Amino acid sequence: MTLALYNSLTRRKERFEPLDPNRVRMYVCGPTVYDRAHIGNGRAFVVFDVLYRLLRDLYGKDHVCYVRNITDVEDKINAAARANNEPISALTARTIAAFRDDMAALGALPPDIEPRATEHIAQMIAMIERLIAAGHAYEAERHVLFAVASDPHYGQLSRRSRDEMIAGARVEVAPYKRDPADFVLWKPSAPEEPGWDSPWGRGRPGWHIECSAMSEAHLGESFDIHGGGLDLIFPHHENEIAQSTCAHDGRPFVRYWVHNVFLSVDSTKMSKSLGNFLTVRELLDEAPGEAIRLALLSAHYRDPLDWSEERLRQARRSLDRFYRALTLSRDPVFERFGEAEDALRPVKEALCDDLNTPLALSRLHELVGAINRTSSDAVRSALQRALEEGGRLMGLLQQDPLAWLQGSARDEARRIEAQIALRMAARRERRFAEADKIRAALAAEGVVLEDRPDGSTNWWRRE
RNA sequence: GGCCGGAUGGCAGAGUGGUGAUGCAGAGGACUGCAAAUCCUCGUACAGCGGUUCGAUUCCGCUUCCGGCCUCCA
């Protein structure tokens, strides 16, 4: 099965062919660690997590290298640390730990390498020196700037001419710039700002150079996929291309650029000033991470996604349905020896078509319908396996179905099951009023009972 | 102003030049002591206007509306 990805560089869906199928390389722009991740960050990292999982499935677990950086030097970090009156290192350490917790809760696998900008200053300085030597950068008033005019291909990703970039007149026009479009590779630090010694004095890197230096350090000059949010196309990724190709004598940088579209909240752009800024942490207090993840995957990554309570509610219902199907009885022979490739194929095909997660989810639902309809344990087992594996490709359905279905009420399983036993006895003696009273009492605390044809009773939590 | 995306039934959301998406919600039925779950059946959906075509929701053009980027941003 072949993977097709929409490439922002060519504006077309293309067949994915890695440079080296034994080492498929992907770089994704990671977080700037000054604040908790919001749900929009969550979308981006969940999307690339699905791509990572799919690549691992297609090329083998040990043949994919996923690098996601951590930006731990940046002026917003300095400002936040100052506002909190704490050392920068304390802020970044705390934020990184929180970020990892949030990603784990959303079911995102850790990347293979998580490089930190502050640990790659030497590589950045070396790359800047190469750019100066090659005539693509220049020093001016203790700054080093990239000379945009020296790169004839500048603008290829965002499809902007230099005039268009300047037309907005919002580019900072510093007196030391040769060209208003030139951007900073290195800038001086005041004594209280973080800084490193360099040939241009004590200073710190500009934003864009870190990704060029870290991708080169960990993935080499040319690699397969570079991902990030749509907003990064300009200027960040445009500048990365300029830095990397110019530092590498024009050799190709990235083959497939993949960008996810934004998330809005109740049809409005998420912003702190509007008060609709949702952090992953806040959402995790309201809903299981898996439901949040499914909600994030319920729209295609290149379409806008409008976050709402209703979407989250529907995601929970979908998981109820999936997990319920996984509790139905199985065939032990199939469980040991069976294969579910045929039933899994439609799911995988949807994902291979530019990560069509909504279509893949609908195909999981079709599997559920078939599971519920069949009377054959062997057939059901195969379909259940396909459901689990399709879920795994999307980072879903990996927990014990009862853990999902019973949720927090599991802590009280003994008490609930004792009530169920009492009710069962009442039913047996046709004291239905009494049985219904027990059902109603449990229902009042959100526990739903389901009497099976074989006389047993299942229960779960309805939230 | 420049560049780039969208517009599908009550909601979410795929897809396609001519037949069914899928889920949620709703209606009816089966099953059940009652439920729940499940299954079956149902809904004259493709923003508007032109064009191409035997035929367009799908291709082309225009219009309207919505969103994003151009400044830190996933």
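Numbers restart at 1 for each chain; the letters A, B, ... are given by sequence-line order, proteins then strands. Computed from a prediction, not measured in an experiment: that's the story for all the values here.
- When both pairing distances are held under 3.5 Å, B:rG67 makes a Watson-Crick or G-U pair with B:rC4.
- In summary, the aromatic rings of A:Tyr301 and A:Tyr6 are positioned with their centroids too far apart to meet the 6.0 Å limit.
- Taking the C1' atom of each, B:rC3 and B:rG20 are spaced 40 Å apart, rounded to whole Å.
- Comparing the P positions of B:rG28 and B:rA35 gives an interatomic distance of 14 Å, to the nearest angstrom.
- Salt-bridge formation is not detected for the pair A:Glu14/A:Arg255: no Lys NZ or Arg NE/NH1/NH2 atom is positioned less than 4.0 Å from an Asp or Glu carboxylate oxygen.
- Note: CD1 (A:Ile420) to P (B:rA36) measures 16 Å, nearest angstrom.
- Separation of the C1' atoms belonging to B:rG10 and B:rA45 is 12 Å when rounded to the nearest angstrom.
- Between the side chain of A:His300 and the base of B:rA14 there is no donor-acceptor pair of N/O atoms closer than 3.5 Å.
- Within 6.0 Å of CZ in A:Arg15 there are 12 or fewer heavy atoms belonging to other residues, nucleotides or ligands.
- Nucleotides B:rG43 and B:rG9 are separated by 8 Å at their C1' atoms, to the nearest Å.
- Contact annotation for A:Gly40: base contact, defined as any heavy-atom pair under 4.0 Å involving a base atom.
- For B:rG33, the base has a donor-acceptor partner in the side chain of A:Asp436 [N/O atoms by modelled type, under 3.5 angstrom].
- Relative ring orientation between A:His236 and A:Trp207 is described as parallel, the plane-to-plane angle staying below 30° on a 0-90° scale split at 30° and 60°.
- With a cut-off of 3.5 Å on both pairing distances, B:rA35 has no Watson-Crick or G-U wobble partner at all.
- Side-chain nitrogen and oxygen atoms of A:Arg311 include at least one within less than 4.0 Å of the OP1 or OP2 phosphate oxygen of B:rG13.
- Residue A:Arg363 is out of contact with every strand shown, counting any heavy-atom pair closer than 4.0 Å.
- Under a 4.0 Å N-O distance rule, the pair A:Asp353/A:Lys13 qualifies as a salt bridge.
- Among the heavy atoms of the strands lying under 4.0 Å from A:Arg427 is at least one base atom, whether or not backbone atoms are also near.
- Taking the side chain of A:Ala435 as heavy atoms from C-beta on, and the options B:rA74, B:rG33, B:rC11, the nearest nucleotide is B:rG33.
- Here the side chain of A:Asn69 pairs no donor or acceptor atom with the backbone of A:Pro115 at under 3.5 angstrom.
- Rounded to a whole Å, the CZ atom of A:Phe234 is 18 Å from the P atom of B:rG5.
- Within 4.0 Å of A:Leu449, counting heavy atoms only, lies at least one base atom of the nucleic acid.
- Comparing the same atom, P, in B:rG55 and in B:rG18 gives a spacing of 14 Å after rounding to whole Å.
- In the displayed structure, A:Glu309 atom CD is contacted under 6.0 Å by at most 12 heavy atoms of other residues, nucleotides or ligands.
- At the heavy-atom level, A:Gly369 lies under 4.0 Å from the strands shown only through sugar-phosphate atoms.
- B:rC24 and B:rG1: their C1' atoms are spaced 43 Å apart (whole Å).
- Nearest to the side-chain atoms of A:Ser362 among the listed nucleotides B:rA25, B:rC39, B:rU22 stands B:rU22.
- One can place CZ of A:Arg324 at 9 Å from C1' of B:rA36, the figure rounded to the nearest angstrom.
- Residue A:Glu450 has its side chain nearest to B:rA36 when only B:rA74, B:rU38, B:rA36 are considered.
- Side chain A:Arg439 to base B:rA35: a donor-acceptor pair is found below 3.5 Å.
- Base pairing of B:rC42 is made with B:rG26, judged by Watson-Crick or G-U wobble geometry with both donor-acceptor distances under 3.5 Å.
- Heavy atoms of A:Asp451 sit under 4.0 angstrom from at least one base atom.
- With respect to A:Asp436 and A:Arg431, no salt bridge is recorded, no charged nitrogen being found less than 4.0 Å from a carboxylate O.
- A:Arg316 has its CZ atom 16 Å from the P atom of B:rC24, to the nearest Å.
- Listed candidates were B:rC4, B:rC34, B:rC11. Nearest to the side chain of A:Glu310 is B:rC11.
- In this structure B:rC62 sits in a base pair with B:rG48, meeting the Watson-Crick or G-U test at under 3.5 Å.
- Looking at the side chain of A:Arg321, the nearest of the listed nucleotides B:rC39, B:rA14, B:rA74 is B:rC39.
- Atoms CZ (A:Arg68) and P (B:rA74) sit 12 Å apart, rounded to a whole Å.
- Going from atom CG of A:Leu305 over to atom C1' of B:rG5 covers 15 Å, rounded to whole Å.
- Contact check, A:Arg317 against B:rA25: a side-chain N or O comes under 4.0 Å of OP1 or OP2.
- Mapped onto RNA chain B by nearest heavy atom, A:Gly229 and A:Arg302 fall at different nucleotides, with A:Arg302 at the one closer to the 5' end.
- A straight line from CG of A:Leu157 to P of B:rC3 spans 17 Å, rounded to a whole angstrom.
- Here A:Arg431 lies out of heavy-atom contact (under 4.0 Å) with every strand.
- Phosphate proximity of B:rC73 to A:Trp207: present, with a side-chain N or O under 4.0 Å from OP1 or OP2.
- Nucleotides B:rU32 and B:rU38 have their C1' atoms positioned 12 Å apart, rounded to a whole Å.
- When both pairing distances are held under 3.5 Å, B:rG20 makes no Watson-Crick or G-U pair with any nucleotide shown.
- Here B:rA21 is the nucleotide among B:rA21, B:rC72, B:rA74 with the atom lying nearest to any side-chain atom of A:Leu359.
- Of the candidates B:rA37, B:rC73, B:rG20, B:rC73 carries the atom nearest the A:Lys76 side chain, counting heavy atoms from C-beta on.
- Of the two residues contacting RNA chain B, namely A:Tyr6 and A:Leu361, the nearest-nucleotide position lying further toward the 5' end is that of A:Tyr6.
- Between A:Arg281 and A:Asp285, at least one side-chain N (NZ, or NE/NH1/NH2) sits under 4.0 Å from a carboxylate O, which counts as a salt bridge.
- Phosphate contact (OP1/OP2 of B:rG15, side-chain N/O of A:Asn356, threshold under 4.0 Å): present.
- Comparing the C1' positions of B:rC46 and B:rC11 gives an interatomic distance of 16 Å, to the nearest angstrom.
- Candidate nucleotides B:rG23, B:rG33, B:rA14 were compared by shortest atom distance to the side chain of A:Pro358, and B:rA14 ranks first.
- A close approach under 4.0 Å does not occur between any side-chain nitrogen or oxygen of A:Asn260 and OP1 or OP2 of B:rA74.
- No donor-acceptor contact under 3.5 Å links the side chain of A:Asp231 to the base of B:rC72.
- Note on ring orientation: taking the six-membered ring where Trp is involved, the planes of A:Tyr154 and A:Phe183 are parallel (angle under 30°, cut-offs 30° and 60°).
- Rounded to an integer number of Å, the gap from A:Asp353 CG to B:rG13 P is 18 Å.
- OP1 or OP2 of B:rC40 sits under 4.0 Å from a side-chain N or O of A:Arg373.
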